[in-house]
Undergrad: 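What follows is a single structure, and I will ask about it in a moment.
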Amino acid sequence: METEAYARDDPASHSYGGPRRRNATMFGPAGRLYVYRSYGVHWCANVVCGREGEGSAVLLRALEPTAGLDAMRARRGVEDPALLCSGPGRLTQALGIDAAYDGLRLDHPPFRLLAAPEPVAVATTTRIGITRASELPWRYVLEGSTFLSRRPRPAAR
DNA sequence: GTATTGATCTTCT
DNA sequence: GAAGATCAATACA
């Protein structure tokens, strides 16, 4: 439901400044998962894209829980589906993703790659939660979704 | 309702 | 020793 793009020549990106130990996965081949520790508390998951050595990735900021709701609730300790995966740290906690998943291919188990069921309406906004280059319009959300990391409104009434 | 802060890890200076 | 692609609890209006 919500993603953010990070590029090589992007001051907010981990790949900014070239390959290092932590961001090695970002510079690997596309289609892998890049997992890192955020603020010492959360895990964040990215999909590596671009060519090998390019160092770009897409941060998964929110998704709509459609399966395994009970497992997600157990891991999160939250009931409301709208709060299960609405944020990068929440998302990884709900899915049980940690450093062990860093570098894994998304087209191999335990993951699966599926085609989008239908065209979706995507809105573009500025990025969130970063201190550098936050003005770049590289955040992409599903139009009208109620599962975003920052709600547009407390449900129209 | 908005604003502030603690938690606590990895990397970099 | 500081900063950071965050979250949730607490403080304040």
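In what follows, every chain begins at residue 1, and chains take the letters A, B, ... in the order their sequences are listed. FYI, side chains are in, hydrogens and waters are out, and symmetry mates aren't considered; it's all heavy atoms of this structure.
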Undergrad: Counting only distance, no hydrogens or angles, is the base of C:dA5 paired donor-acceptor with the side chain of A:Tyr39 under 3.5 Å?
TA: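 There is none.
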
Undergrad: Between atom CD in A:Glu2 and atom P in C:dT6, what is the gap in whole Å?
TA: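 Between P of C:dT6 and CD of A:Glu2: 10 Å.
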
Undergrad: Could you please name the option among C:dA5, B:dT11, C:dC7 that lies closest to any side-chain atom of A:Asn46?
TA: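 Among C:dA5, B:dT11, C:dC7, the one nearest the side chain of A:Asn46 is C:dA5.
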
Undergrad: Which part of the nucleic acid, if any, lies within reach of A:Arg76 when heavy atoms closer than 4.0 Å are counted: base, sugar-phosphate only, or nothing?
TA: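 Touches sugar-phosphate only.
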
Undergrad: Ignoring the backbone of A:Pro88, work out which of C:dC7, B:dT8, C:dG4 is nearest its side chain.
TA: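 Nearest listed nucleotide: C:dC7.
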
Undergrad: How long is the line joining NE2 of A:His42 and P of B:dC9, in whole Å?
TA: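 It works out to 12 Å between those atoms.
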
Undergrad: Any ring pair (Phe, Tyr, Trp, His ring centres under 6.0 Å) pairs touching residues 35-56 of chain A, not counting sequence neighbours?
TA: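 Every ring pair (Phe, Tyr, Trp, His ring centres under 6.0 Å) pair that includes a residue of residues 35-56 of chain A, provided the two are not neighbours, is A:His14-A:Tyr36, A:Tyr34-A:Tyr36.
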
Undergrad: Could you tell me whether the phosphate oxygens of C:dG4, OP1 or OP2, come under 4.0 Å of any side-chain nitrogen or oxygen in A:Thr131?
TA: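 The answer is yes; a side-chain N or O of A:Thr131 sits under 4.0 Å from OP1 or OP2.
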
Undergrad: Only Watson-Crick and G-U wobble pairs with both distances less than 3.5 Å should count. Give DNA chain C in dot-bracket notation, marking inter-strand partners with |.
TA: ||||.|||||||.

Undergrad: Does a salt bridge link A:Arg8 with A:Glu54, judged by any charged N lying under 4.0 Å from a carboxylate O?
TA: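 Looking at A:Arg8 and A:Glu54, the cut-off is not met.
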
Undergrad: Choose from C:dA8, B:dC9, C:dT6 the nucleotide whose nearest atom is closest to any side-chain atom of A:Arg90.
TA: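 Shortest atom-to-atom distance from the side chain points to C:dA8.
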
Undergrad: So does A:Arg127 pair up with A:Glu4, basic N to acidic O under 4.0 Å?
TA: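 Salt bridge between A:Arg127 and A:Glu4, a charged N being under 4.0 Å from a carboxylate O: no.
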
Undergrad: Rounding to an integer number of Å, can you tell me how far A:Leu84 CG sits from C:dT6 C1'?
TA: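 Going from A:Leu84 (CG) to C:dT6 (C1'), I get 17 Å.
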
Undergrad: With a 4.0 Å cutoff (strictly under), does any side-chain N or O of A:Arg22 reach OP1 or OP2 of C:dA5?
TA: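 It does not, given that no N or O in the side chain of A:Arg22 lies less than 4.0 Å from OP1 or OP2 of C:dA5.
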
